[in-house]
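This report refers to the structure that appears directly beneath it.
Atoms considered below: every heavy atom in the structure, side chains included; atoms not considered: hydrogens, waters and symmetry mates. Chain A is the first sequence line, chain B the second, and so forth, proteins listed ahead of strands; every chain is numbered from 1. This structure is a prediction, so every number in the text was calculated from the model and none was measured.
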Amino acid sequence: MSETYSLRNASGSIQQSAAGYYQRWRLIKDALARYGVIVGGLGILAAIILIFFYLLYVVYPLFVGASASPVSRYAVPEPSLGKTLFLEIEEQNELAARFTDSGRVVFFEAATGKPVLTQAIALPEGVSVTSFAPGRPANAGVFAYGLSNGGVIVVRNHYKVTYDKDVRKIAPELNYPLGEAPLMIGEQGVPLDKVAVKWEDDATVIVAKTGGKIHLVSFEKEQSLFAEESAVQRTDAVVDTPSENIAQILIDKNGENLFLAGSDGSLGFFNIADKNAPALRQRQNVVETGLAITSLALLNGDLSLLVGDSSGQVAQWSKGKDELNNVVLKKLRVFKVAGQPVVTIDSEQRRKGFMTFDAGGKMGLFNSTAERRLLEEPLGAHPIAAALSPRANALLMQGEDGQIHFWTVHNEHPEVSFGSIWGKVWYESYQKPDYIWQSSSAANDFEPKYSMTPLVFGTLKAAFYAMLFAMPLSLLGAVYTAYFMAPAMRQLVKPTIELMGALPSVILGFLAGLWLAPFIEKHLAGIFSTLILLPVGVLLFALGGQFVPKAIRHKIPEGWEGALLIPVMLFTGWLAFQVSVPLESALFGGSLRDWFSREWDIGYDQRNALVVGIAMGFAVVPTIFSIAEDAVFSVPKHLTVGSLALGATPWQTVTRVVLLTASPGIFSAVMIGLGRAIGETMIVLMATGNTPVMDFSVFQGLRTLAANIAVEMPEAEVDSTHYRILFLAALVLFLFTFIFNTLAEIIRQRLREKYSSL
Amino acid sequence: MIKSWFKSGNPWVWFTASAVSACLIMVVGVLGLILVRGIGNFWPGGLVQFSYQEDGGQVHEVIGELIDTSITPAAMAKVAGFAMADGEDVLVQYQIKTGNRDVSGSDFRWIQERRIKRQSTPPELIAVERREWGNFYGRLVAVKESGKMIAEGPEAMPVLQERLEAALDIFDKISYLEKKKIGAVNYGLERLRLERRKLELEKRWDADAQQRIAAERAVLDGEYKKFQTELMALYRDIRKDSFVAAADDGSEHEIALAKVVRVYQPNEMNVFGKIGHYFTKFAEFLADDPREANTEGGIFPAIYGTILMVIVMSIIVTPFGVIAAVYLREYAKQGFTTRLIRIAVNNLAGVPSVVYGVFGLGFFVYILGGKIDRLFYPEAAPAPVFGTPGLMWASITLALLTLPVVIVSTEEGLARIPKSIREGSLALGATKFETLWRTVLPMASPAMMTGLILAVARAAGEVAPLMLVGVVKLAPSLPLDGNFPFLHLERKFMHLGFHIYDVGFQSPNVEAARPLVYATSLLLVLVIIGLNLSAILIRNHLREKYRALEG
C-alpha cells in the first residue's frame with residue numbers, strides 16, 4: 001500500500017514540474033508496464049482456466065444426447081408400383097430406395113422424394129413375390145425375394161460413386177450374385193412363406209420356410225487352384241423343427257447361426273456351421289407369456305439379437321455359455337421402448353446402436369453398450385417401413401398415411417453413458433457384467449469397452465503402493481532432518497534429496513522396468529528379508545550404542561546418526577540378501593514366486609505394482625520430504641524450547657508439539673505427493689505391463705489413467721468418442737490433482753498465517 | 001534399562017534417522033548404477049572363445065563378449081527347470097554377446113559354466129561393427145576387391161584397415177551428398193511445388209510465373225542430375241571392397257566394406273588402444289546419427305532436438321514467468337486475487353504433465369495449428385504444416401508446464417530484495433517502471449536465471465507431454481538446418497528422454513540397445529544434475545548476497 005502511495009506522489013510531482021515530451025513518455029511507459037504486468041499476472045489465472053475449460057469443451061459432446069430434425073415429408077413415390085416391403089438409404093443420404101411387393105425397386109431422392117430410377121426384378125411369368133428379406137451382412141446390400149413358385153431370387157444393390165469434376169454422382173447398380181433365374185427351394189410350386197439370406201462372395205446361405213418345412217440351402221464357391229472358373233456347390237438340408245408358427249428367420253453374417261422366431265414368443269437357436277446337419281442349440285421363450293415377438297433384428301456384429309415384443313420392450317440376447325459350456329442365448333438387458341408394440345428395429349451398421357418404431361409411430365434411438373435411450377421422437381403415423389442410413393445420421397419412415405418422412409439425426413457419441421464409463425457393463429459374448437477397458441480393435445464391428453473404472457483403480461493402486469513406500473521414508477526423514485539432524489549434515493542432505501526430485505521420471509521408469517523389475521523377480525525373497533531385517537538391524541545398532549562406554553559415545557557428534565546408519569544399513573541389506581538364499585531354498589522350495597502361486601494362488605507379473613510402488617515412491621519422496629521438512633523446520637523455536645524446558649524428552653517434544661503444530665503442512669505435503677503419484681506417467685508406463693486389470697495383488701500389473709493417455713492418445717482419431725474419452729481421462733486427472741493441490745495450498749497459506757502470528 | 005531406553009523415545013529417533021539414510025542410499029545407489037553402467041558402455045570388452053557343450057552333447061565354439069554373470073542356488077535352478085547334480089550348490093551362467101545376428105538369429109545367449117570345456121582369448125579374433133545386423137565376431141580370412149582376393153592370412157588385417165579407411169571416407173562423402181546436397185535440392189523442389197500451388201490458389205498462375213518456376217525447376221533438376229552421377233560413382237567405389245570372415249560356427253561370410261563402421265581386435269589392444277577406442281566411441285555417441293533402429297551409433301539428433309526445444313521454450317517462458325512474478329510481488333495488492341493466482345500457479349505446477357500434453361495436442365496443435373494452416377498455408381493442404389505435432393507446439397506446451405518454476409523462483413528473488421532499494425529509487429523520482437527496470441529486475445536477475453535453469457532441467461527430462469506434441473523416434477531432418485528459413489519450427493524432432501523410452505521399451509532388440517540407453521541416461525542425468533547444482537549454487541550465492549545487503 002505504501003508503495004503505491006509513494007509512487008502516486010512521485011508521478012504527481014513529475015507531472016507538475018515538467019511537461020516535456022520525455023516526462024510524458026516516462027509516464028506512458030509506466031502505465032503501459034503496469035497494464036502489461038497486470039495482464040501477464042492474470043494470464044496465469046487465465047491459463048489454468050483455459051486448460052480446464054478446453055478439456056471440458058472437448059469432453060462435453062460426450063454427454064449431449066442425440067437429436068433429430070425433420071427435413072422433409074412427401075408422398076410415397078410411384079405408389080402404383082406396389083406396396084413398400086423395405087426402405088433403404090445409401091451412405092451419403094442422397095438416394096433412397098423402395099422395394100415393392102411387385103418386384104420393383106424405386107430409387108428416389110431422399111430429400112425430395114423425386115423418383116430417379118425404377119428397376120424391375122426379373123420375375124418369371126405368373127409368379128409373385130410372397131416373401132422378402134434384407135440379407136446379412138447388413139452392409140452388403142443383398143436382398144432375397146421368395147416367390148410363389150418356390151423359387152428365391154437374390155439381388156444385390158450397390159451404389160456406385162463417381163466423381164466428375166469434383167461433383168459426386170451416385171448411381172445404383174442391381175445385380176444377381178446367384179444368377180437371374182430363381183433358385184428352387186423345397187418343392188416346385190409351393191410358395192416360400194419366409195426367407196432369409198446371408199451372402200458372401202464365396203459362400204451364400206439361404207433359409208426359407210415352405211410347405212411346412214424350414215429349408216437350408218448353402219452355396220459354396222470352390223475355387224480350384226488352376227482353373228479360371230469356379231464351381232458352385234449346393235448343399236440342401238432341412239432344419240428339423242416344427243415350423244407352423246415361424247414368423248421370422250435370421251441368419252448371422254458368418255452363416256453359422258440361425259434364429260427362428262415363432263409368433264408365440266419362442267425362439268429357436270440353431271448351429272448351422274455344418275450346412276448338412278443344422279443342429280438345435282437352444283429353444284426358449286424370449287418374451288413373457290401372453291406377449292408376442294413383434295420384431296427381430298441382429299445388432300451390428302451379429303453377436304446379439306434384439307427382440308421387440310408387443311408390450312413395447314426390446315430385449316438384447318447375446319451368445320454366451322451356460323454351466324455345461326453349451327452355447328446359449330442370454331438376456332443381457334431390456335430396453336423399455338414404448339407402451340405399444342415395437343414394430344420395427346433397425347440396427348446401425350457401424351455401432352452397437354439401433355432405432356425402433358412402435359405402433360404409434362414413435363421413433364426411439366438406443367445404444368446397447370451404454371444401455372441408453374438417446375432420443376425419442378414421435379413421427380405420428382403407424383410405420384410400414386423404416387430405414388436408418390449406414391452412417392446413422394439420417395432416417396426414412398413410411399407411414400400408413402402414405403407419406404415418407406425424412407429426418408436427419410445427430411448422434412455422435414452414443415456409446416457413452418455414466419453407466420458405461422463407471423459401471424459394470426455386460427458386453428456381448430461376456431459371461432457376466434464387468435469393468436473392461438478395451439478401446440479399439442482391428443475388427444469393424446467391435447464393441448468398444450470404455451470402462452474407466454479399471455484405469456482409475458490402477459491409478460489409485462499405483463498411487464497407494466507408491467505412498468506406502470514414500471510416506472514413511474519421507475515423513476520420518478523430514479522430521480529427523482528438520483529437528484534432530486546436525487546443521488552441517490542438513491546442508492548436505494537437503495540438496496541431495498532435492499536432487500533426487502530432479503531426476504527425470506523417464507530415467508526412473510527405465511531403471512524400474514529394465515533393472516529393478518528383473519532384479520526383484522530374481523531376488524524377491526531378498527527384498528522381503530531386507531524389509532524385515534532392516535528395522536531390526538537399526539534397532540540392534542542403536543541398542544548396542546547404549547552399551548558403548550560413555551567416553552566414546554560422547555565423541556560422536558549429535559545429529560549424525562543418519563550418517564552412522566548408512567554402513568549399518570548397507571551391511572544389513574547385504575546380510576539379508578545372503579540369508580534369503582538358503583531361507584528361500586529351505587522354506588519355500590527354491591522360489592518364493594512359485595511358492596506364492598502354489599500356496600496362495602497369487603500370480604506374478606514381472607512388471608508389477610511392487611516395482612511401481614518403489615520406483616514411483618522414489619519419485620514422490622523428494623516432493624513430500626521437501627514440503628514436510630519446511631513445515632517441521634519452521635515450527636517456531638520457542639514452542640520446542642519451551643517443551644524441552646518443561647522436561648519433555650526430545651522425542652516427546654516431536655510427537656506432542658512439533659508434529660501437532662506442523663501437521664497441516666505435513667498433510668499438504670502428503671496431498672501434493674499424492675497428486676504427483678496420481679499424475680505420474682512415464683514411470684508407470686515403463687514399470688507396469690499396462691494391462692487394465694482390477695486386482696489388488698502387489699504382484700500384478702496395472703494401467704493408470706495417465707499411462708493410458710500416453711499409450712492411446714497418438715492413435716485416437718480426432719473428435720472420435722475414443723479421443724473424447726481420453727480427454728475425459730485427462731479431465732479426471734486434472735480434477736484429482738486440482739483438488740489435492742488446492743487443498744494443500746489453502747492449508748499451507750493458513751499455516752503460514754498461523755506461524756506468522758505465533 | 002532397555003525399557004527406559006524405549007521410553008526415552010531414542011529408538012524412534014534412530015528410526016527417523018534410518019529413513020534419511022535409506023533415502024541417501026537410494027539416491028547414491030541410483031546415480032551410481034547409472035554412472036557405472038553408462039560409463040562402461042564404450043569400453044571394448046575382450047572377446048572370449050569357449051568350447052561349449054550344447055544340450056545335445058556336441059561341443060562347439062562360441063565366440064563373444066562376456067556381458068553378465070548369474071549365480072542361481074541349486075533349489076531355485078531346479079524349480080526353473082535345470083537338471084542339477086547332487087553335489088552342485090549353485091548354477092553359474094554367463095550371458096554372452098555372440099553378435100552375428102544374421103547367422104544365428106540373436107545377439108545374446110546364456111551359457112552354463114559347467115558345460116564350458118575350454119576357454120581362451122585368441123588375439124586374432126575380430127569384432128566388426130556393422131551398419132546392419134549388429135556386431136560380427138569371428139576371424140578374418142581374406143580381403144577382396146571386386147570379388148578377387150587381394151590379401152589373406154596375417155597380412156589381411158592391415159590391408160583391411162587401409163581399405164576400410166578409404167571406404168569410410170567415401171561413405172562420408174555419400175552421406176554429405178545425400179543429406180546436405182540432394183536434401184537441399186529436394187527441399188527446393190518442394191518449395192517450388194508449394195509456390196506453384198499457392199499461385200494457382202490465388203489465380204496468379206500466369207505465363208510469367210510458369211516461366212519463372214520452370215526455370216528454377218530446371219536449375220534444380222540439373223543439380224540433382226549432377227549429384228546423382230557423382231553419387232553413382234561413389235557407390236560404385238564403395239561397393240568394390242569386401243572381406244571374408246569366419247563366424248564361430250566355422251561358416252565364412254563375405255561382408256561389404258560399405259556396411260562396416262569399424263573393425264578391431266579387442267584382445268590385441270593394450271590399455272592405450274582401449275582408451276583411444278573408448279573416446280572414439282564416445283565421440284561417435286555424441287556426434288553421430290543413430291543406426292539400426294536407434295540401438296547403435298550416436299544420439300546427436302536427440303541432443304540437438306532437446307537443446308533446440310529447450311531454447312525455444314526458454315524464449316517463451318522467461319518473459320511470461322518474470323511478468324507474472326513481478327505482478328504478484330510488485331504490482332498486485334496482496335489479497336484474494338493474489339491468493340487465487342498463487343493457487344493457480346501451484347496447480348499449474350501440480351497438474352500431471354501428460355495433461356499438458358493432451359491440452360497441447362488438442363488446443364495448440366489441432367485448434368491453433370489448424371487455424372494457422374488454413375490462414376497461411378492453404379497451398380500445403382491437405383498435408384498439415386503447423387496442424388500437426390512439432391517443435392513449436394512442444395516448446396509452447398513445455399513453456400506452460402515450466403512456467404510455475406520460473407514464477408516461484410523469480411518471486412523468491414524479488415522478495416529478497418530489500419525494500420530500501422525500491423524506496424530509494426522512488427524517492428529519487430524514478431517511476432515505478434523505472435525502479436523495476438533499472439534496479440529491481442537487474443538485482444533479481446540471478447533468481448530469474450535460477451528459475452530458468454530449473455525450468456530447462458525440468459523440460460530436458462520431461463517426456464510424457466512431448467510424446468503427444470512433437471517428439472518422434474526418428475526425425476528425417478533436423479529442425480535447424482541450412483535450408484531457408486533455417487529454423488523449421490513445424491518439424492518434428494528427437495528428444496533425449498523420449499529416446500530412452502523408445503529405445504529401452506519400443507525397440508525390437510531391447511537387450512542389444514540397453515547399454516546405449518544407460519549411456520543416454522547418464523548423459524541426461526549429468527546434464528540435469530549439472531543444471532540443478534548450478535541453480536542451487538546461484539541461489540545460495542544470492543541468499544548470501546542479500547543477507548549482506550540487509551545487514
Side-chain angles (χ1 to χ4, degrees), chain A residues 6-7 10 26 29-30 33 37-38 40-41 44-45 48 51 54 58 473 476-477 479-481 484 495-497 499-500 502 504 506-507 510 514 538-539 542 546 561-562 565-566 569 581 585 590-591 594 621 649 651 675 679 681-682 686 706 709-710 713 718 730 733-734 737-738 741-742 745, chain B residues 5 8-9 11-14 16-23 25-27 73 75-76 78-79 323-324 326-328 331-332 341 343-348 350-352 354-355 358-359 362-363 366 426 429 431-433 457 461 463-464 467-468 497 500-501 504-505 517 521 525 528-529 532 536:
Chain A
S6 66
L7 173 84
R26 282 177 66 202
K29 263 205 304 196
D30 191 46
V37 166
I38 289 174
I44 305 298
L45 215 53
I48 195 103
I51 293 179
Y54 178 69
V58 177
L473 277 184
L476 293 181
V479 168
Y480 181 78
T481 310
F484 295 108
T496 311
I497 292 185
L499 213 57
M500 183 174 165
V506 67
I507 286 180
F510 153 67
L514 291 187
V538 169
L539 213 59
Q546 292 297 306
E561 290 95 340
L565 275 175
I566 289 179
M569 291 174 71
V581 175
S585 298
S591 161
D594 288 342
V621 161
T649 62
W651 182 249
T681 313
M682 293 317 287
M686 295 160 97
I709 294 172
M713 199 69 187
V718 179
L733 274 182
F734 181 90
T737 44
F738 185 85
N741 282 308
T742 309
E745 176 61 17
Chain B
W5 181 60
S8 75
W12 308 119
V13 178
W14 282 92
T16 56
S18 76
V20 174
S21 318
C23 290
I25 291 174
M26 285 195 309
V27 182
M76 206 185 251
K78 263 187 214 153
V79 173
I323 286 176
V326 165
Y327 173 74
L328 278 176
Y331 280 90
I341 292 179
I343 287 175
V345 169
N346 269 293
N347 267 305
L348 273 181
V351 167
V354 73
V355 173
V358 169
F359 174 74
F363 187 74
Y366 292 137
L426 289 171
T431 62
K432 183 156 188 172
F433 173 66
V463 178
M467 281 160 73
L468 303 181
I500 293 172
Y501 166 65
F505 287 81
V517 186
S521 303
V525 166
I528 286 173
I529 288 187
N532 272 284
I536 291 174

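With rounding to the nearest 0.5 angstrom, the SG atom of B:Cys23 is 5.0 Å from the CG atom of A:Leu473. Put simply, CD1 on B:Ile343 and OG1 on A:Thr742 are 6.0 Å apart, with the number rounded to the nearest 0.5 Å.
Comparing B:Asn346, B:Val326, B:Ile500 by heavy-atom pairs within less than 4.5 Å of chain A, the highest count is held by B:Asn346. Chain A forms the most heavy-atom pairs under 4.5 Å with one residue out of B:Gly362, B:Pro11, B:Ala332, and that residue is B:Gly362. Heavy-atom pairs under 4.5 Å with chain A peak, among B:Asn532, B:Leu328, B:Ile341, B:Val345, at B:Ile341.
Within the 4.5 Å cutoff, the side chain of B:Met26 has heavy atoms near those of the A:Met500 side chain. Side-chain contact between A:Leu499 and B:Val27 is absent, with no heavy-atom pair separated by less than 4.5 Å. Using a 4.5 Å cut-off on side-chain heavy atoms (C-beta onward), A:Ile51 and B:Val351 make no contact. Annotation: side chain of A:Met569 is in contact with side chain of B:Ile25 (closest heavy-atom distance under 4.5 Å). A:Leu539 is not listed as a side-chain neighbour of B:Trp14, based on a closest heavy-atom distance of 4.5 Å or more.
With a 4.5 Å cut-off on non-hydrogen atoms, A:Phe738 touches chain B through its backbone and its side chain both. With a 4.5 angstrom heavy-atom cutoff, B:Ala22 touches chain A via backbone and side-chain atoms both. For B:Leu348, the parts lying under 4.5 angstrom from a heavy atom of chain A are both the backbone and the side chain. Only the side chain of A:Thr649 comes within contact range of chain B, with heavy atoms under 4.5 Å apart. B:Phe505 touches chain A through its side chain: at least one heavy atom from C-beta onward sits under 4.5 Å away, while N, CA, C and O do not. At a 4.5 Å heavy-atom cutoff, the contact between A:Phe484 and chain B is made by side-chain atoms alone. Of the two parts of A:Val58, neither the backbone nor the side chain holds a non-hydrogen atom closer than 4.5 Å to a non-hydrogen atom of chain B. B:Phe363 touches chain A through backbone and side chain together, each having a heavy atom under 4.5 Å away. At a 4.5 Å heavy-atom cutoff, the contact between A:Ile566 and chain B is made by backbone and side-chain atoms alike.
In this structure, A:Val506 and B:Gly497 approach most closely via the heavy-atom pair CG2-O, 3.4 Å. Nearest approach of B:Ser18 to A:Val538, heavy atoms of both residues: CB-CG2, 3.8 Å. Closest of all the heavy-atom pairs between A:Gly40 and B:Ala324 is O-CB, 4.3 Å. Across all their heavy atoms, B:Val354 and A:Ala706 have their closest contact at CG1-CB, 3.8 Å. Between B:Ala19 and A:Gly477, the shortest heavy-atom distance links the atoms CB-N, 3.6 Å. Closest heavy-atom contact between A:Pro504 and B:Ile528: CG-CD1, 3.1 Å.
Within 6.0 Å of CH2 on B:Trp12 lie no more than 12 heavy atoms contributed by other residues, nucleotides or ligands.
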Step-by-step side chain to side chain contact (heavy atoms under 4.5 Å, CB included) determination, B:Val517 to A:Leu514: CA-CA 10 Å; B:Val517 186; A:Leu514 291 187; 5.5 Å; no

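Residues forming a side chain to side chain contact (heavy atoms under 4.5 Å, CB included) with B:Val525 (at least two apart in sequence, or on another chain): A:Leu503, A:Ile507, B:Leu31, B:Ile34, B:Ile529.
A donor-acceptor contact shorter than 3.5 Å is absent between the side chain of B:Tyr331 and the backbone of A:Val37.
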